[in-house]
Amino acid sequence: MHLLPNKGQIKRKLYIESYGCQMNFSDSEIVASILSKEGYITTKDITSADLVFVNTCSIREKAEQTVRKRLEFYNSIKKSSNPRMLVGVLGCMAERLKEKFLEEEKLVNIVVGPDAYRDLPNIIKEVEDQKKSINVLLSLEETYADINPIRLNTNGVTAFVSITRGCDNMCTFCVVPYTRGRERSRDPESIIKECTGLFNSGYREITLLGQNVDSYLWYGGGPKKNFKKASIEARKKSVNFADLLEKVAQISSELRVRFSTSNPQDMTIDVIKKIAKYENICNYIHLPVQSGSTRILKLMRRGYDRKRYIQLIDNIKKLIPDCAISMDIIAGFCSETEKDHKDTLSLMDYVKYDFGYMFKYSERPNTPAARMEDDVDETIKQRRLVEIIEKQTKHSLINMKDKIGKTLKVLIEGISKKSNDEFYGRTTHNATVVFKKNNYNIGEYVMVKIIDCTSATLKGKIV
Ligand code: 5AD
Ligand code: SF4
């Protein structure tokens, strides 16, 4: 059996599915690019695939269960209609479980962690010889800077560009530092080149991606921890996140720039000022708080307390009055009391987030929090989560209603799922708007008067 096609041979088909954060979706585009050089084309039909990859997430137990269910599904496909297909597990679960995956899941042939995708062609060759194969080495340098991602499921208008990999923050609840390794920044030149290329081929919005974008720092290579030891010359030429944001915004005023995710302990005033200065850097910041209780934040090792977080929010609102803010919150972290929970609710009342991602705490093996007692009763966790979600839905609705009557600039991203006569797009605040098409096209900016809303979507008409 020959899996790597030679030039001129029939192309092999890769089916790739991604779970978890945007970084994973972005990595799958890198994987597709690496394998395209080996003659693979991507397919959406799993029954005709030679190779099936699932790019996995370990952030919560539920995310891992989802992947296990998918593996069962692949198994049924393999048995019923595609006995030759090979199955590979990529990403965070591959990194976390390593060899165990091959032992536990008989169906899996390949296990590759987030820093080893360049090795995939070799690994596939090994599997040719009926061997199972694994590479879960993490790297201090790998950023895939030179790889031009193959855009999968693209609308041709919005794209994600990764700028850092890994995370050094070591929040006690989080598995990411173990699955994605140490933080490293990508060469700014390669970032600008990729963004310029995207703009020239019609893209109008770029989201700069990283586990912690605010700690982006480039000084000519090498891990960030060595920055202080770098030459004065290298330090003078260094590029931080505020600098990078500006460089990307200057590519064109017609190119929208977003970024994700910010860590409150690293976000600087300079970054906030750049958002205020450039109309095309969107007025939207995703600023995960996790908890409103200083005691819990300390146990989570977040590096800020309630007061400092509020100061940051005040600075944002002062410098960018029309800025939307969203959050992540974890309900029921170890030892969380009713008072801690009330602190979270009162912080939400203070900030009035536009949007939120809310979760129940899920203990992850081998994290520092796994050594604490996961002692909040499941029913209490659930009740607290519901209270947080209900509050957020109210706040989202208030923020959306506030936009009724206003005329907002919207980038058209695609045809509405509900009606062929309507487009959908987003405002600078990341709010989705649905409106009649008129004679416009996907990828154009239009001014839309907002006439109605739900807590999740605005309705409007082009003016
Ligand atoms: N349990 C629940 N939620 C978690 N997150 C990260 N780790 C955990 C965990 N162990 C949430 C955080 C983070 C988001 C990506 O996922 O809120 O910001
Ligand atoms: Fe999931 Fe975190 Fe890995 Fe992203 S980095 S895939 S959220 S575990």
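Read the numbers this way: they start at 1 and go in the same order the structure lists the ligands and their atoms.
Checked for salt-bridge contact, Arg384 and Asp340 miss the test: no charged N lies under 4.0 Å from a carboxylate O. Between Lys298 and Asp305 there is no salt bridge, since none of the side-chain N atoms of the basic residue sits less than 4.0 Å from a carboxylate O of the acidic one. Using a 4.0 Å cut-off between charged side-chain N and carboxylate O, Glu413 and Arg426 make a salt bridge. Comment: Glu105 engages Arg68 in a salt bridge, judged by a side-chain N to carboxylate O separation of less than 4.0 angstrom. A salt bridge does not link Lys274 to Asp243: none of the charged side-chain nitrogens sits closer than 4.0 Å to a carboxylate oxygen. Using a cutoff of 4.0 Å between basic side-chain nitrogens and carboxylate oxygens, Asp27 and Arg180 are scored as salt-bridged.
Ordered by chain and residue number, the residues placing a heavy atom less than 4.0 Å from ligand 1 are Ile59, Arg60, Phe173, Gln290, Asp328, Ile330, Phe359, Lys360, Tyr361, Ser362, Arg364.
Between Tyr357 and His286, the gap from one ring centroid to the other is short of 6.0 Å. Between Tyr284 and Phe355, the ring centre distance reaches or exceeds 6.0 Å.
At least one heavy atom of Gln211 sits closer than 4.0 Å to an atom of ligand 2.
Checked by atom type and distance alone, the side chain of Asn135 never pairs as donor or acceptor with a backbone atom of Val111 at under 3.5 Å. Remark: side-chain polar atoms of Tyr203 are not paired, donor with acceptor, to backbone N or O of Gly197 under 3.5 angstrom.
Listing protein N, O or S atoms at distances below 2.8 Å from atom 3 (Fe) of ligand 2, with waters left out, gives Cys92 SG.
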